[in-house]
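Structure first, commentary second.
Quick caveat, the model's predicted, so the values are computed rather than measured. Numbered from 1 within each chain, the chains take letters A, B, ... in sequence-line order.
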2 protein chains.
Amino acid sequence: MLSQTEENYLKALFHLTSETANKSETGTNELAAALNVKPATANDMLKKLKEKKLINYEKYGKVSLTAAGRRQAIEVVRKHRLWETFLYEKLQFSWDEVHEVAEQLEHIYSPKLIEQLEKFLGYPEFDPHGDVIPNAKGELKLQARKTLSQVMVGKSCKLVAVKDNSASFLQYVVKVGLGLSSKIKLISRQEFDGTTEIEVNGKKSMVSQKFADNIFVV
Amino acid sequence: MLSQTEENYLKALFHLTSETANKSETGTNELAAALNVKPATANDMLKKLKEKKLINYEKYGKVSLTAAGRRQAIEVVRKHRLWETFLYEKLQFSWDEVHEVAEQLEHIYSPKLIEQLEKFLGYPEFDPHGDVIPNAKGELKLQARKTLSQVMVGKSCKLVAVKDNSASFLQYVVKVGLGLSSKIKLISRQEFDGTTEIEVNGKKSMVSQKFADNIFVV
DNA sequence: TAGTTTTGTTAGACTACCCTAACTTTATAT
DNA sequence: ATATAAAGTTAGGGTAGTCTAACAAAACTA
Ligand SMILES: [Mn+2]
Ligand SMILES: [Mn+2]
Ligand SMILES: [Mn+2]
Ligand SMILES: [Mn+2]
């Protein structure tokens, strides 16, 4: 069985090399940054994960998950998202509170627990942030979606998910009047820095490029 | 914040020095045995816990929890029993399956989670094994109860809790036809080894002294 | 193409938790 | 009261995961 730490590294690799990130491999420094450790530390773990055949990696080369590594990573993501859904749906947590606790709960080992939890929640498809919950087989349908920053001025779209899961970002999203399924109209965008004016429920707001990069819409 | 390991040591100390155990202090070897580690390992931790003022301990002396240590231990017990109740009541776990998973869940840190979980469960008083769930203040009402081995021949009693929480014991209990609230009649007891004949729902069974020591009744 | 910057690796050290083997202290039993 | 047994401690060592500092390779840039 994998340690919590190993699971966290695999999950980080999954997020850094997924469709969402638009690339299929990453590097030591990026991985280290994602996990808030130093590159030397990440390097040690890369050797270990390679030894366990969970990643593809050669000294000074790029890093990617093997099929086995991806399978393990997806299991962690599945547990994370099911727990977030539980906290949100059953325990009245707000969507900016669920992530932190799910970071702990995702490491609980018990196949029966996850199976029963999923059943208890009614086999949910999405977590509170709009992300797809992988099924028990590790299958994960990818969503056709783009970021708010990719939407053209004048067009309208619907918020389907958020990229960043931090409480500070999510609270900001709420403050702007947004939530899952919000309808957003693009009023204007500055060429210079990508600052965008949007309209939500008749209310206009200015949001940064960075903000728009973290909002997924269809 | 305490590590999982420290929490496990405090919880073990709590169980070894509680009313149920009929003593208020314990020793290095007993503690080590309870945690499946060697005495040398337990000794290291005793020094550490003393340093943190969570236990009363002097070299070669007996060990007991300080008020602060007891408070922490009870919090772990509270979480353990609430999670067991959740698994049993909401996720269709059987009473012999809950303990193992609760051993992991009891270490999740989130005051809001426990508060909401308790509310979600309807502020339960007892866990699936009949043990009292401490309240949020760390208060824990002690139960007037004795073991089946203390009941006199000819008397009847009601099963209110089990001492051992292992799957093997609990499955055995079920096999004998027992569960929480079962009415038990004491038919006979051998002087020699304490083997006892009991009657449950008209069905007679022979149980060992050890078995009877692990059944709490009123 | 030759710096220079970025990225990645290695060596050595630290903490937490665990072990074995040897030792010391305390308790028990003649 | 002494010998033996039981309980407890210490010394030294291992692994996992982290760090800093020094170094090596690759990528970029002028
Ligand atoms: Mn999350
Ligand atoms: Mn999420
Ligand atoms: Mn239990
Ligand atoms: Mn219990």
* To do: Determine, for Asp44(B) against Lys38(B), whether the closest basic-nitrogen to carboxylate-oxygen distance falls under 4.0 angstrom.
  => no
* Asked: Just by modelled atom types, is the Val37(B) backbone N or O under 3.5 Å from a matching donor or acceptor in the Thr41(B) side chain?
  -> no
* Answer yes if the side chains of His99(A) and His80(A) hold a donor-acceptor pair under 3.5 Å, and no otherwise. => yes
* Asked: Phe216(A) ring centre to Lys146(A) NZ or CZ under 6.0 Å, with the angle to the axis within 45°?
  -> no
* Asked: With a 3.5 Å cut-off and no angle check, do the side chains of Ser149(A) and Asp213(A) form a donor-acceptor pair?
  -> yes
* May I have the distance from Met45(A) (atom CE) to dT10(C) (atom C1'), rounded to whole angstrom? => 18 Å
* Could you state the CD-P distance from Glu25(A) to dG8(C), rounded to the nearest angstrom? -> 11 Å
Pairs under 3.5 angstrom, nitrogen or oxygen only, protein versus nucleotides 11-13 of chain C, please.
none

* Structure fact -> Partner of Glu118(B) under salt bridge (charged side-chain N to carboxylate O under 4.0 Å, His left out), picked from Lys79(B), Arg78(B), Arg81(B), is Arg78(B)
* Asked: Within 45 degrees of the axis of the six-membered ring of Phe120(A) and under 6.0 Å from its centre: does Lys90(A) put its NZ or CZ there?
  -> yes
* To do: Please report, rounded to the nearest Å, how far the P atom of dT15(D) is from the CD atom of Glu51(A).
  => 14 Å
* To do: Could you tell me whether the side chain of Thr196(A) and the main chain of Gly194(A) form a donor-acceptor pair under 3.5 Å?
  => yes
* Ignoring backbone atoms, establish whether Lys47(B) has a side-chain N or O less than 4.0 Å from OP1 or OP2 of dT10(D). => yes
Enumerate all atom pairs, one protein N or O and one N or O from nucleotides 4-8 of chain D, separated by less than 3.5 Å.
residue: dG8(D); atom: OP2; partner: Thr28(B); partner atom: N; Å: 3.3
residue: dG8(D); atom: OP2; partner: Asn29(B); partner atom: N; Å: 2.9

* Could you go through the salt bridge (Lys or Arg N to Asp or Glu O under 4.0 Å) check for Glu30(B) and Lys23(B) one step at a time? => CA-CA 13 Å; Glu30(B) 193 175 35; Lys23(B) 52 199 172 89; 2.7 Å; yes
* Contact residues, residues 1-13 of chain B to DNA chain D [heavy atom, < 4.0 Å] -> none
* **Exam field: side chain Gln104(A) to backbone Tyr109(B), donor-acceptor pair closer than 3.5 Å** => yes
